[in-house]
Number of protein chains: 2
Amino acid sequence: MAEVSIDDVAKAAGVHRSTVSRAFSKPDAVRAATREHVLRVAAELGYSMNPLAQALRRGSSNLVPLIVPDMTNPFFAELARTTAAAAEARGYQLMLCITNGDTGQTADYVSAMHSMYSPFGIVAPSTRVNLEALRRYAFQNRVVVIDRVEDDPAVPTVTVDSARGIDLAFDHLLGLGHANIAYAPGIVGTYTAQDRWDAYHHAAERHGIPPVVLEAAPGADPGPGIVDHWMREPNRPTAVIASNDLIAFAVISELGARGLTVPADLSVIGFDGLDLGAQFSPRLTSVRQPITDLGRIAIELGEALIAGGPPDHLVLEPSLLIRSSTQELRP
Amino acid sequence: MAEVSIDDVAKAAGVHRSTVSRAFSKPDAVRAATREHVLRVAAELGYSMNPLAQALRRGSSNLVPLIVPDMTNPFFAELARTTAAAAEARGYQLMLCITNGDTGQTADYVSAMHSMYSPFGIVAPSTRVNLEALRRYAFQNRVVVIDRVEDDPAVPTVTVDSARGIDLAFDHLLGLGHANIAYAPGIVGTYTAQDRWDAYHHAAERHGIPPVVLEAAPGADPGPGIVDHWMREPNRPTAVIASNDLIAFAVISELGARGLTVPADLSVIGFDGLDLGAQFSPRLTSVRQPITDLGRIAIELGEALIAGGPPDHLVLEPSLLIRSSTQELRP
DNA sequence: ACGATTGCTGAGATCGATTGCAATCGAAGA
DNA sequence: TCTTCGATTGCAATCGATCTCAGCAATCGT
């Protein structure tokens with residue numbers, strides 16, 4: 001019941017603490033017989049090493065913080081899950097930190113991670129603002145970013161190719177006969193959001209389609225704003241690309257509330273490819289981000305970082321997840 | 001850049017480390033002038049206390065683990081958010097642990113929390129199984145449970161009144177003219193799931209309604225199984241109560257895939273009252289759990305626990321969130 | 001004016017582990 | 001048989017903080 005320390009085990013096993021320590025952390029440095037004896041005694045006493053003390057002495061721990069802005073967005077939830085799995089598989093203990101988009105909190109977490117002797121940390125930023133705070137620490141801590149950091153090649157990053165994703169969406173919609181394709185941005189401020197926005201304009205231009213951006217008032221529920229905007233369009237688009245799945249959900253929901261149906265009245269394609277989209281009504285067609293790879297690679301980049309390798313900047317390929325929220329245009 | 005320790009600050013300020021320590025942790029015990037001087041020097045050096053060392057020496061930290069089975073379920077995501085907020089407001093640092101329903105992991109986390117000197121931990125269990133592992137630790141650690149623990153009154157708990165929630169759903173549906181109300185269970189094994197199941201049967205019996213439970217094969221995607229079951233019913237129910245919002249989503253989605261619409265062909269009511277339900281199509285009517293209170297109260301129970309008070313067992317009241325997935329029965 | 005009290009600060013042990021260095025021991029090599 | 005070497009193990013310093021105890025000054029009561 002009381003905490004059993006390394007000295008208790010040492011005493012019970014009749015050896016010195018250092019032997020116990022070695023039996024656990026460097027098994028080769030101790031005679032096999034001794035080691036087994038120590039381990040057995042330790043097991044009997046229900047001993048397990050205190051990670052805090054260990055981290056303090058060693059100057060390194062296995063706690064890897066994953067800093068995300070908002071767990072309510074299922075994208076981050078899925079990211080957290082896969083990253084946690086990847087982390088655990090490599091012996092790290094993932095610790096999830098939610099910032100609620102608060103710049104100060106992100107800085108706090110990164111600095112806390114510093115004093116926790118984390119080998120490295122992973123940040124999935126929401127707004128560009130908080131990256132500034134991050135950079136102050138990036139040089140002294142080891143940080144991996146999902147998304148990107150402003151012009152700072154020293155920070156390893158992993159991203160999904162937004163332009164390619166938007167192209168995929170365009171090709172799909174074009175193939176379905178749509179020629180009037182709008183874009184519904186959601187949150188703004190991140191690099192990814194900006195990329196998707198830009199990619200939409202480029203793609204529209206390339207295909208000779210007049211770009212229509214369905215903006216909603218910031219802060220408010222985005223659905224109504226976007227749909228209002230859409231209905232006001234003189235030449236009403238027949239398809240819309242949402243900047244992420246949540247926005248797509250909101251649009252479809254609002255459309256339904258007004259008696260319109262998807263995809264009959266409007267084809268909607270999301271961006272994320274969440275599992276949750278398969279439970280939506282209609283099942284959401286979406287550009288799928290390889291979230292599992294994102295998590296795994298973030299961990300790998302972290303390991304590369306502590307190994308002293310050069311910072312990588314990986315770009316992953318999205319793919320298309322065709323479900324039921326898009327359909328062929330029928331005039 | 002290098003880690004600045006308490007001794008560095010002490011030297012720079014020309015005082016002993018104990019004075020620096022006191023300046024931070026018990027401001028009254030040090031002269032105002034000295035304290036300010038120390039604090040200023042510390043700020044200049046960019047010093048911040050090392051929580052590990054502090055926890056090690058003090059034998060207590062402010063790290064509160066929140067152990068959840070699955071972040072992919074938005075219920076837990078919302079719970080995590082509100083609990084994190086409540087924790088932070090009280091000076092705790094919430095650390096999220098995802099078990100993926102793995103019994104062993106839950107035990108690991110609880111034991112890790114032990115050696116992290118956490119004041120207490122919060123567990124939101126998914127299956128009843130892992131509660132056994134929990135109990136082995138509960139007596140030596142301080143654990144608060146959201147949901148309940150088998151016959152163990154020593155563990156404080158906070159729950160939502162499932163029976164009341166089901167009643168609310170029944171009353172709503174009955175008021176809409178429905179007389180044939182089915183139940184769609186989801187995950188099983190938790191106390192809450194069992195409660196809702198029982199409550200459904202009681203309510204059905206009380207209202208003279210033949211109970212219809214729409215079970216799906218475990219493991220698989222629940223939507224198709226539930227809908228299949230529903231269609232096979234000789235006397236097809238006109239309304240269904242889902243055991244949680246995710247199940248409701250799945251049912252509605254599957255219905256949509258088969259060309260049926262909600263609420264025209266079937267009224268569906270969920271259980272959770274997630275914000276996400278408002279983005280669903282149709283907007284989901286649901287029994288709302290007071291998730292914010294759940295998180296806050298879990299923290300408060302934890303504090304009561306370390307204060308040495310008797311373990312409480314709180315039961316919160318759900319409420320009805322009427323949106324668009326239910327409608328009056330039209331014969 | 002003198003012993004007692006109060007307020008503030010310094011010394012040093014301590015939390016639970018790791019690790020470089022020294023000591024020990026048996027066996028191989030000369 | 002004596003030296004040397006490698007494999008083990010013990011010793012003690014150390015990581016960065018907290019906390020009890022003691023010392024010392026200024027203040028208080030009478």
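Sequence lines set the chain letters: A, B, ... in the order given, protein chains first and strands last, and positions in each chain run from 1.
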Does any residue of residues 28-42 of chain B have a heavy atom under 4.0 Å from DNA chain D, and if so, which ones, in number order?
none

Rounded distance in Å - CE (A/Met116) to C1' (D/dA17)
15 Å

I'd like to know if the side chain of [X] and the backbone of [Y] have a donor-acceptor N/O pair within less than 3.5 Å.
X	Y	result
A/Asp272	A/Leu274	no
A/Ser118	A/Leu63	yes
A/Ser61	A/Ala55	no

Taking side-chain contact (heavy atoms from CB on, under 4.5 Å) as the test, write out the residues that go with [X], two or more places apart.
X	result
B/Pro156	B/Val144, B/Leu301, B/Leu305, B/Pro311
B/Thr292	B/Thr82
B/Ala193	B/Thr190
B/Pro290	B/Val160, B/Arg288, B/Asp293, B/Leu316

How would you list, by chain and number, every residue that makes a ring pair (Phe, Tyr, Trp, His ring centres under 6.0 Å) with B/Tyr117, sequence neighbours excluded?
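Ring pair (Phe, Tyr, Trp, His ring centres under 6.0 Å) check on B/Tyr117 returns nothing, list empty.
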
side-chain hydrogen bond (donor to acceptor under 3.5 Å, both in side chains) pairs touching residues 21-47 of chain B, sequence neighbours excluded, are none

If you round to the nearest 0.5 Å, how far is [atom2] of [Y] from [atom1] of [X]?
X	Y	atom1	atom2	value
A/Met71	A/Ile98	CE	CD1	5.5 Å
B/His16	B/Asp7	NE2	CG	7.5 Å
A/Met95	A/Asn62	CE	CG	11.5 Å
B/Arg57	A/Leu56	CZ	CG	12.5 Å

Give every residue pair that meets the ring pair (Phe, Tyr, Trp, His ring centres under 6.0 Å) criterion with at least one member in residues 293-312 of chain B, sequence neighbours excluded.
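Ring pair (Phe, Tyr, Trp, His ring centres under 6.0 Å) check on residues 293-312 of chain B returns no pairs.
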
Quick check on the helix from C/dA1-D/dT30 to C/dA30-D/dT1: what's the angle between its two end axes, five base pairs per end, to the nearest 10°?
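Answer for the end axes of this duplex: 50°.
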
Test side chain to side chain contact (heavy atoms under 4.5 Å, CB included) applied to A/Ile297 and A/Asp312, step by step:
CA-CA 10 Å; A/Ile297 290 175; A/Asp312 259 335; over 6 Å; no

Nucleic acid contacts - residues 44-59 of chain B versus DNA chain C, non-hydrogen atoms under 4.0 Å:
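Within this stretch, B/Leu56, B/Arg57 sit under 4.0 Å of the strand.
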
Using a strict heavy-atom distance below 4.0 Å, which residues from residues 13-27 of chain A are in contact with DNA chain C?
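Heavy-atom cutoff 4.0 Å gives A/Arg17, A/Ser18, A/Ser21, A/Arg22, A/Ser25, A/Lys26.
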
Identify the 5'-most and 3'-most nucleotides of DNA chain C with at least one atom closer than 4.0 Å to a non-hydrogen atom of chain B.
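Going 5' to 3' along DNA chain C, contacts run C/dC8 to C/dG16.
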
